[in-house]
Amino acid sequence: MENNRIVYKSFAKLAVAIAVAQGASLTKAKKLIIKSFDRHPYQEDISKIVKKVKLEKENLNILSNNCISICEDFGPDRDYVTLVSLLENIYQIEEFEEIEKDTISNIITTFKTEIERINANIPPPPLYNVLLETRAVAEWTSMLWLYPFIPKHKSKKNKPVLLMPPYLGNDNSTTFVRKYLKSLGFKTYKWDLGVNMINSKSLPKLIEKLDEIYDKHQEKVSLVGWSGGGIFAKIIANRYPEKVEQLITIGSPVWGVKNMKTPIIRSLEFIRGTKLKERNDKFIKELEEIPLVPITCIYTKTDGLIPWKNCTEAETYRDDIKNVEVFGSHCGMGANATVLLTVANALNANIEKSSKKSIIEKFETLFFPHFWEEKGFSKFTNLFFN
C-alpha cells in the first residue's frame, strides 16, 4: 500500500475537487468518494486519506496533471484502471448539479488517455528471463516424480471446470492441471479444439462447449486458461458471466495486448501475416474489460515470454480479484506444483466461500514469492500462530 498511498493521496484530492466542482459541499463530496471505494481492498486506508483532504482554490487540470505525473513516476500498472473508473462514476452521480460538466468531462478523458499512454509502455521480458525459459524442461520432467507428493485438498462438490491450453499447445498441455483437479473431486473438461492458435474463430466452438457443460450440470462453469487459453477464457467470462463461476488465468496476458512487447507477438504476426494491432480490434477491446465474476491471475516475474504486468488484473477494482505470484518459467507453468495448488485453492475458496487456511495450506505459503518478500522473522509467527 506504500506506493499506492502516494498515488491515492493525489487522486483523492482530485476526486474530491471534481465532486465539489459539480456543486457538492466538501463534507458531502468526501462521503460520496468514500462510498465509491466500498469494494476496494484498501477501503479503510483510503477512507482515512479522503477524510484528510483539504481544498482551497484548486485548479482541476493541475490536480489531474499531478496525479498523472505520480502514476508515470511509478510506471505502468493495471490498477490505474480503477482510478479511471472511479472518476467516471463520480462524474455520473445524479445527485450533482450540471456544473462545469464539459470541463470535467474533458479532464477525465485526458486522464484516461494519459493512463492508457503510461500503461502502453510495459517493457518486454529481459533476455535473462528468456534464457531462463529453458528450465521448463526440468519443470516438466521433475513433475513426473513430484506429482504424488503435492497436497490434495478434496472439494466437497463435483463442480465443472473447463480448461484451455496455451498458444501452440493442446489438451496435452493441461494434463497435469486436469489430473490434479480430478483427484480433488472436480469434473474437468478439455477444450477439444486441437492446437491453440489464438484464433477468434475458436470462440464460437468454445461458447458452444460452455453451453453444453452448463446444460449438463445445470450450474455455472469455472474457466481455467493458460497463456493464450486465458485470453479466450476472459473474453467468454465477459460475454457470459451468468454461466461462468469464476475465471482463473495462468501466465495469460489479460490486458494491454495491443501494445504488448513480446517474442510471442512476433511469432503470431509471422505465422498469420498481419500485425496484431490490425487484426481484430473487437477481440482486443473485449480483453480489456473486467468480467463480473471472481478472478484469480497467476503469474511469474521471471516469465520469459509475456511481460508479467500484462498477466495481472486490477486487484483494486474489486475485492474478488486476486493476483498470485509463483516461482517458475512461463512454459513450465502447466507442470508447476505451486500453480496446481493455486488453481485448486482458488476454485475451492470461491466455490465454498472459505478463506480460513488449514495447517497444510499455511505450510504451502512457504513456496510462494509473496511470503519471502515480507521482512523479519515475524512472518513465520504470523503465518502459523495467527
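Basis for what follows: all heavy atoms, side chains included, without hydrogens, waters or symmetry-related copies.
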>> Apply side chain to side chain contact (heavy atoms under 4.5 Å, CB included) to residues Asp320 and Ile295 and explain how you reach the verdict.
In response: CA-CA 6 Å; Asp320 61 354; Ile295 301 170; over 6 Å; no
> Can you name the salt bridge (Lys or Arg N to Asp or Glu O under 4.0 Å) partners of Glu288, sequence neighbours left out?
Replying inline: Arg78
>> Side-chain heavy atoms nearer than 4.5 Å, only ILVMFWY residues, links allowed to pass through others: does that put Phe11 and Leu60 together?
In response: yes
> Which pair of non-hydrogen atoms, one from Thr174 and one from Pro165, has the smallest distance, and what is that distance?
Replying inline: CG2-CA, 3.9 Å
>> Holding to side-chain contact (heavy atoms from CB on, under 4.5 Å), I want the full list of residues that pass it with Ser142, two or more places apart in sequence or in another chain.
In response: Trp145
> Are any of the side-chain nitrogens in Glu315 or Lys322 under 4.0 Å away from the carboxylate oxygens of its partner?
Replying inline: no
>> Assess, by modelled atom type and distance only, whether the side chains of Glu139 and Ser329 contain a donor and an acceptor separated by less than 3.5 Å.
In response: yes
> Can you find a heavy atom in the side chain of Ile115 that is under 4.5 Å from one in the side chain of Val81?
Replying inline: no
> What pair of heavy atoms forms the shortest contact from Glu245 to Pro294, and how long is it?
Replying inline: O-CD, 3.4 Å
>> Would you compute the distance between atom CG of Asn65 and atom CD1 of Ile70 and round it to the nearest 0.5 angstrom?
In response: 11.5 Å
> Can you list every salt bridge (Lys or Arg N to Asp or Glu O under 4.0 Å) pair that touches residues 6-20, not counting sequence neighbours?
Replying inline: Lys13-Glu58
> For Pro41, what residues pass the side-chain contact (heavy atoms from CB on, under 4.5 Å) criterion, not counting sequence neighbours?
Replying inline: Thr316
> Is the closest side-chain heavy-atom distance between Val224 and Thr249 below 4.5 Å?
Replying inline: no
>> Could you go through Leu55 and Leu26, starting from their C-alpha distance and side-chain angles, then the distance that decides it, and tell me whether this counts as side chain to side chain contact (heavy atoms under 4.5 Å, CB included)?
In response: CA-CA 8 Å; Leu55 293 180; Leu26 182 59; 3.9 Å; yes
>> Between Leu292 and Leu247, is there shared hydrophobic-cluster membership here, with clusters defined by ILVMFWY side-chain heavy atoms closer than 4.5 Å?
In response: no
>> Is any side-chain heavy atom of Leu14 closer than 4.5 Å to one of Phe111?
In response: yes
> Considering residues at least two apart in sequence or located in another chain, which fulfil the side-chain contact (heavy atoms from CB on, under 4.5 Å) criterion with Asn336?
Replying inline: Val326, Thr338, Val339
>> I'd like to check Asn89 versus Ser36 (side-chain heavy atoms, cut-off strictly below 4.5 Å). Are they in contact?
In response: no
> Which distance, rounded to the nearest 0.5 Å, do you find between the NZ of Lys48 and the CD1 of Ile46?
Replying inline: 12.0 Å
>> Measuring only between side-chain heavy atoms, which start at C-beta, is Ile248 closer than 4.5 Å to Ser222?
In response: no
> In terms of heavy-atom contacts, does CD of Glu56 have more than 12 from other residues, nucleotides or ligands at under 6.0 Å?
Replying inline: no
> Taking all non-hydrogen atoms of both residues, which atom of Ala29 and which atom of Ala19 are closest, and how far apart?
Replying inline: CB-CB, 3.6 Å
>> Which heavy atom of Leu63 sits nearest to which heavy atom of Ala17, and what is that distance?
In response: CD1-CB, 3.5 Å
> Transitive ILVMFWY cluster of Ile62 at side-chain heavy atoms under 4.5 Å: who else is in it?
Replying inline: none
> Parallel, tilted or perpendicular: which fits the ring planes of His40 and Tyr8, with parallel below 30° and perpendicular above 60°?
Replying inline: perpendicular
> Cation-pi between Lys152 and Tyr147: NZ/CZ under 6.0 Å from ring centre and within 45° of the ring axis?
Replying inline: yes
> Going hydrophobic residue to hydrophobic residue with side-chain gaps under 4.5 angstrom, can you get from Met333 over to Val137?
Replying inline: no
> Roughly how far apart are Leu132 CG and Thr302 OG1, rounded to 0.5 Å?
Replying inline: 6.5 Å
>> Using side chain to side chain contact (heavy atoms under 4.5 Å, CB included), reason through Asn196 and Met164 one step at a time and then give a plain yes or no.
In response: CA-CA 8 Å; Asn196 184 357; Met164 304 173 204; 5.7 Å; no
> Restricting to pairs with a member in residues 226-237, which pass salt bridge (Lys or Arg N to Asp or Glu O under 4.0 Å), not counting sequence neighbours?
Replying inline: Lys234-Glu313
>> Keeping Arg239 on the side-chain end and Glu286 on the backbone end, is there a donor-acceptor pair under 3.5 Å?
In response: no
>> Tell me every residue that passes side-chain contact (heavy atoms from CB on, under 4.5 Å) with Pro166, counting only those two or more places apart in sequence or in another chain.
In response: Ser173, Trp226, Ser227
> Just how far is it from atom CG of Asp303 to atom OG1 of Thr262, taken to the nearest 0.5 Å?
Replying inline: 8.0 Å
> Side chains of Leu83 and Cys71: closer than 4.5 Å at any heavy-atom pair?
Replying inline: yes
> Does Asp77 reach the main-chain N or O of Ala314 with its side chain, forming a donor-acceptor pair under 3.5 Å?
Replying inline: no
> Do Lys220 and Glu242 sit within salt-bridge range, that is, some charged N less than 4.0 Å from a carboxylate O?
Replying inline: no
> Do Phe176 and Phe149 share a hydrophobic cluster, counting only Ile, Leu, Val, Met, Phe, Trp and Tyr and linking them when any side-chain heavy atoms are less than 4.5 Å apart?
Replying inline: no
> Would you say the side chain of Val161 lies within less than 4.5 Å of the side chain of Val221, judging by non-hydrogen atoms?
Replying inline: no
> Regarding Ser25 and Thr27, is there a side-chain donor-to-acceptor distance under 3.5 Å anywhere?
Replying inline: no
> Under 4.5 Å between any side-chain heavy atoms of Ile321 and Ile290, yes or no?
Replying inline: yes
> In Å and rounded to the nearest 0.5 Å, what is the CD to NZ distance from Glu219 to Lys187?
Replying inline: 12.5 Å
> Tracing side-chain links under 4.5 Å among I, L, V, M, F, W and Y, which residues wind up in one group with Trp255?
Replying inline: Ile122, Val254
Please list every donor-acceptor pair under 3.5 Å in which a side-chain atom of residues 205-216 meets a protein atom from a residue at least two apart or in another chain.
{"unit_1": "Lys209", "atom_1": "NZ", "unit_2": "Asp192", "atom_2": "OD2", "d": "3.1"}
{"unit_1": "Asp211", "atom_1": "OD1", "unit_2": "Lys243", "atom_2": "NZ", "d": "2.6"}
{"unit_1": "Lys216", "atom_1": "NZ", "unit_2": "Tyr189", "atom_2": "OH", "d": "3.4"}

> Could you give all pairs that pass the ring pair (Phe, Tyr, Trp, His ring centres under 6.0 Å) test and reach residues 288-308, with sequence neighbours left out?
Replying inline: Tyr299-Trp308
> Can you tell me if Glu114 and Thr110 form a side-chain donor-acceptor pair at under 3.5 Å?
Replying inline: no
>> I'd like to know if Val343 and Leu146 are part of one continuous hydrophobic network [Ile/Leu/Val/Met/Phe/Trp/Tyr, side-chain heavy atoms within less than 4.5 Å].
In response: no
> Do you know which two heavy atoms are closest between Ile306 and His330, and how far apart they sit?
Replying inline: CG1-CE1, 3.6 Å
>> Taking the basic N atoms (NZ, or NE/NH1/NH2) and the acidic carboxylate oxygens, is any pair closer than 4.0 Å for Arg178 and Asp171?
In response: no
>> Determine whether Phe283 and Leu287 satisfy the following criterion, side chain to side chain contact (heavy atoms under 4.5 Å, CB included), listing intermediate values before the conclusion.
In response: CA-CA 7 Å; Phe283 194 79; Leu287 194 59; 5.9 Å; no
> Between atom CD1 of Ile198 and atom CG of Leu203, what is the distance when rounded to the nearest 0.5 Å?
Replying inline: 11.5 Å
>> Quick test of your reading: applying salt bridge (Lys or Arg N to Asp or Glu O under 4.0 Å), list the pairs with at least one residue in residues 326-339, sequence neighbours left out, ordered by first then second residue.
In response: none
